[in-house]
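As structure tokens, the structure follows; a few thoughts come after it.
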Amino acid sequence: MTQPALVPLDAGVPPASDAGHAADGVDARPASAPAVLTLDNVGKQFGAFHALSGVTLELRAGEVHCLLGENGAGKSTLCNVMFGVHQPDTGTLRLDGQPYRPRSPRDALANGIAMVHQHFSLVGDVTVLDNLLLGQSRGWLDRRARAGHVRRLVEDLGLALDPDAAIADLSVGERQRVEIVKCLIREPRLLVLDEPTAVLLPGEIDALLDVCARVAARGCAVVLVTHKLAEIRKIATRATVLQSGRVVARSDRPADEIDRLVRAMIERPGTPPAERAARGANAHADAAPGNDRADMAAGGHVADADADATADAPVSLDNAAVAAALGATPAVAPLRGVETAGPVAAPRTWAASERPPVWSLSKQPPMPAPSPYGRPLSDEVLLVDGLSVRDAQGVTRLDDCTLVVNRGEIVGIAGVEGNGQTELGAALAGMTRASAGRFFIEGKPLTDATPRELTAAGVGIVPEDRHAVGCVTEMSLIDNLLLNRLDEVSRHGFLRRRAMRAQAIELMARFDVRAASPDVRFGGLSGGNQQKAVLARELTLDPLVFLMAAQPTRGLDVGAVAAVYDHIRAARDRGVGVLLISSELDELMAVADRIIVLYRGKIMGSCKPDPLQRERIGAWMAGQTS
């Protein structure tokens with residue numbers, strides 16, 4: 001199949017904000033933009049489960065088409081059908097008007113279709129350059145010339161990446177950058193991005209969206225799977241919402257129809273208005289007009305996604321955590337303890353004796369302080385004392401870290417990806433050994449403890465990379481949900497399968513883990529449902545005294561983000577100490593009781609999550625001490 005010539009990536013195409021994909025929703029495509037790929041009535045079944053049903057979609061040259069929907073809605077399955085990972089059971093695909101039925105990703109790549117998956121497909125024992133060159137040539141390869149090309153491409157994309165770095169030494173965010181560059185180096189005609197920004201920082205997200213706009217302006221069709229409405233406002237030419245494998249809404253001007261898209265994502269057909277209003281209590285942002293990150297509906301009535309729906313109830317969007325997850329920045333962020341009903345109110349002013357403890361840079365742990373939330377911070381549940389971690393090359397990644405997490409407190413760890421957060425989480429989870437220092441849980445030294453010993457001590461662990469170390473993908477959902485409590489469901493050395501199944505079903509219902517059966521293979525679940533299953537397992541550990549959660553909402557949809565933080569807050573209210581590591585500063589501002597900033601492995605400072613502290617936190621994240 002002949003591929004049309006594309007403009008080089010570095011041809012000076014303006015960024016997203018100037019290329020017709022800006023927040024005003026202007027569509028810069030020619031009215032007659034040709035369809036690159038057309039899907040007609042596509043269906044896909046896994047056993048009795050209908051992952052896709054009658055999906056019809058047209059992807060046009062020069063557009064960024066956003067796919068939206070809850071976890072398990074079929075977004076990843078649809079992308080994998082385009083990329084040849086899955087073959088459709090029904091329906092047809094046409095590429096440039098010709099029948100297209102890829103039998104493998106190799107077929108898709110040969111036809112100019114590239115995809116960035118949710119889960120990495122990198123070889124960990126070799127360098128970035130080696131990964132980028134895999135499959136690029138069948139004969140002699142000039143590594144020096146290709147390395148120069150990669151460096152120029154990376155510089156043009158604005159994504160910091162060292163071609164000579166080992167994949168095993170990269171953070172999650174850095175590995176995602178490798179995946180993105182690996183696709184773009186092929187100059188694709190159709191680029192499919194399955195939640196690529198879930199592991200990126202705000203600046204990196206903006207750079208990636210600019211790249212998407214530039215690639216689209218070259219005549220490439222771009223498919224972007226995202227949960228963040230800020231990204232839709234900035235970049236989307238068109239949008240499609242999936243629910244239970246079916247298309248439930250479309251928009252040719254998504255920036256102007258954010259409210260309708262939100263409702264289409266979270267509602268079920270036939271839901272009564274009162275229940276819709278209750279389901280919609282998710283994420284209101286009292287945001288200034290024209291703010292690219294202020295993407296939530298203003299709390300008024302919105303158009304229903306279903307044509308035959310009855311009169312609408314307002315979408316009450318007042319949960320700051322979800323607003324943050326969707327990319328909205330409230331004009332005034334609420335502090336914990338402030339009741340919000342409708343527009344966000346001004347924060348209450350606490351008396352000096354009531355303020356949450358603000359930790360200083362000395363190594364002395366803070367004295368217990370009164371809690372304004374009605375939960376006494378009686379003593380520390382976690383004490384980290386001078387902890388340091390070196391990588392395989394002997395480079396110090398975490399440097400002399402000392403911090404305290406009290407009972408009934410959520411401490412957020414903020415920082416640009418790759419500044420020691422991964423190493424801190426891995427050390428506390430027993431997955432890497434500290435080169436110096438120690439840590440205690442309830443006064444018990446556990447620096448050299450194994451993950452099994454940490455579990456026995458009441459430590460819940462939500463790892464940064466759930467797919468690699470948080471689950472066993474070839475085992476069933478039941479087995480993964482109960483990995484940390486097999487003693488409870490065994491007798492005389494034999495597992496009681498009936499008891500296991502009953503517990504798994506209860507956890508699936510409680511944490512909204514969606515699967516055709518608890519017996520399904522864990523690796524067959526969507527990324528969001530895998531994350532919810534890991535959270536279900538760790539948050540229901542009994543006893544649970546301390547929770548280490550690294551990027552717990554990564555890849556989750558709107559409703560799931562709210563549910564996760566509700567569960568984490570409930571654990572805090574029971575007296576559990578929580579260390580929350582997140583690259584989403586807005587989420588930390590909405591959820592944490594204190595925020596500690598890491599930069600190049602060192603603690604730069606700590607403060608309460610006050611909107612007035614935002615500039616100060618940003619300075620710390622950039623390495624500024626004053």
Side-chain angles (χ1 to χ4, degrees), residues 39-46 48-58 65-82 86 88-91 118 194-195 223-229 232 236 238-252 254 257-273 275-283 296-297 302-310 312-313 315 317 322 325-326 508-509 511-516 524-532 555-563:
L39 298 88
D40 184 21
N41 202 34
V42 168
K44 181 64 183 176
Q45 240 178 291
F46 297 99
F49 178 66
H50 290 266
L52 297 173
S53 300
V55 174
T56 295
L57 192 65
E58 184 181 76
H65 196 124
C66 285
L67 283 181
L68 314 175
E70 292 185 296
N71 296 123
K75 305 182 299 297
S76 293
T77 301
L78 182 59
C79 292
N80 283 322
V81 166
M82 300 178 202
H86 301 315
D89 298 320
T90 60
Q118 275 191 33
D194 192 0
E195 298 192 50
V223 176
L224 177 65
V225 178
T226 181
H227 293 132
K228 297 184 177 181
L229 303 185
I232 300 169
R238 292 191 296 141
T240 298
V241 179
L242 292 179
Q243 189 180 109
S244 301
R246 297 179 180 274
V247 174
V248 296
R250 306 179 195 271
S251 175
D252 288 330
E257 298 184 309
I258 293 295
D259 48 5
R260 185 170 72 88
L261 295 174
V262 171
R263 184 171 289 262
M265 288 169 63
I266 65 177
E267 285 185 358
R268 296 287 182 271
T271 305
E275 185 178 338
R276 291 206 306 269
R279 284 176 56 83
N282 285 327
M296 300 310 300
V302 297
D304 200 293
D306 302 307
D308 58 351
T310 56
D312 303 315
V315 177
L317 304 170
V322 181
L326 293 173
M508 289 173 66
F511 286 83
D512 192 29
V513 180
R514 301 179 188 181
L525 299 178
S526 69
N529 279 302
Q530 289 181 359
Q531 180 74 318
K532 287 188 281 186
L556 297 188
D557 61 51
V558 180
V561 169

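Heavy-atom basis, side chains included; hydrogens, waters and symmetry copies ignored.
For the pair L78/L67, a side-chain contact is recorded, criterion being any heavy-atom separation below 4.5 Å from C-beta on. Under the 4.5 Å side-chain criterion, counting only non-hydrogen atoms from C-beta, V225 is in contact with C79. In this structure, V42 and T90 have side chains that are not in contact, with every pair of non-hydrogen atoms separated by 4.5 Å or more.
Sparse packing is recorded around CZ of R246, with 12 or fewer heavy atoms of other residues, nucleotides or ligands lying under 6.0 Å away.
Considering only residues two or more places apart in sequence or on other chains, D89 meets the side-chain hydrogen bond (donor to acceptor under 3.5 Å, both in side chains) condition with none of them. With sequence neighbours excluded, the residues that form a side-chain contact (heavy atoms from CB on, under 4.5 Å) with F46 are K44, A51, T77, H86. By the side-chain hydrogen bond (donor to acceptor under 3.5 Å, both in side chains) test, S76 is found to be paired with Q118, D194, residues two or more places apart in sequence or in another chain being considered. Remark: E257 engages S251, R260 in a side-chain hydrogen bond (donor to acceptor under 3.5 Å, both in side chains) (not counting sequence neighbours).
Scanning both residues, R514 and N529, for their nearest heavy atoms gives N-OD1, 2.8 Å. Between V81 and P88 the shortest heavy-atom distance is CG1-CD, 4.1 Å. Here the closest heavy-atom approach between residue I232 and residue L261 is recorded as CG2-CD1, 4.5 Å. A pairwise comparison of heavy atoms in C66 and T226 identifies SG-CG2, 4.3 Å as the closest pair. Between G69 and K75, the shortest heavy-atom distance links the atoms O-NZ, 3.0 Å.
The CD atom of Q45 sits 7.5 Å away from atom OG of S53, with the distance rounded to the nearest 0.5 Å. Taking CG of L224 as the reference point, atom NE2 of H65 lies at 10.5 Å (rounded to 0.5 Å). For the atom pair L525 CG and Q531 CD, the distance stands at 12.5 Å (nearest 0.5 Å).
In this structure, the side chain of R250 does not engage the main chain of L57 through any donor-acceptor pair within 3.5 Å. One N or O on the side chain of T56 and one on the backbone of N41 form a donor-acceptor pair closer than 3.5 Å.
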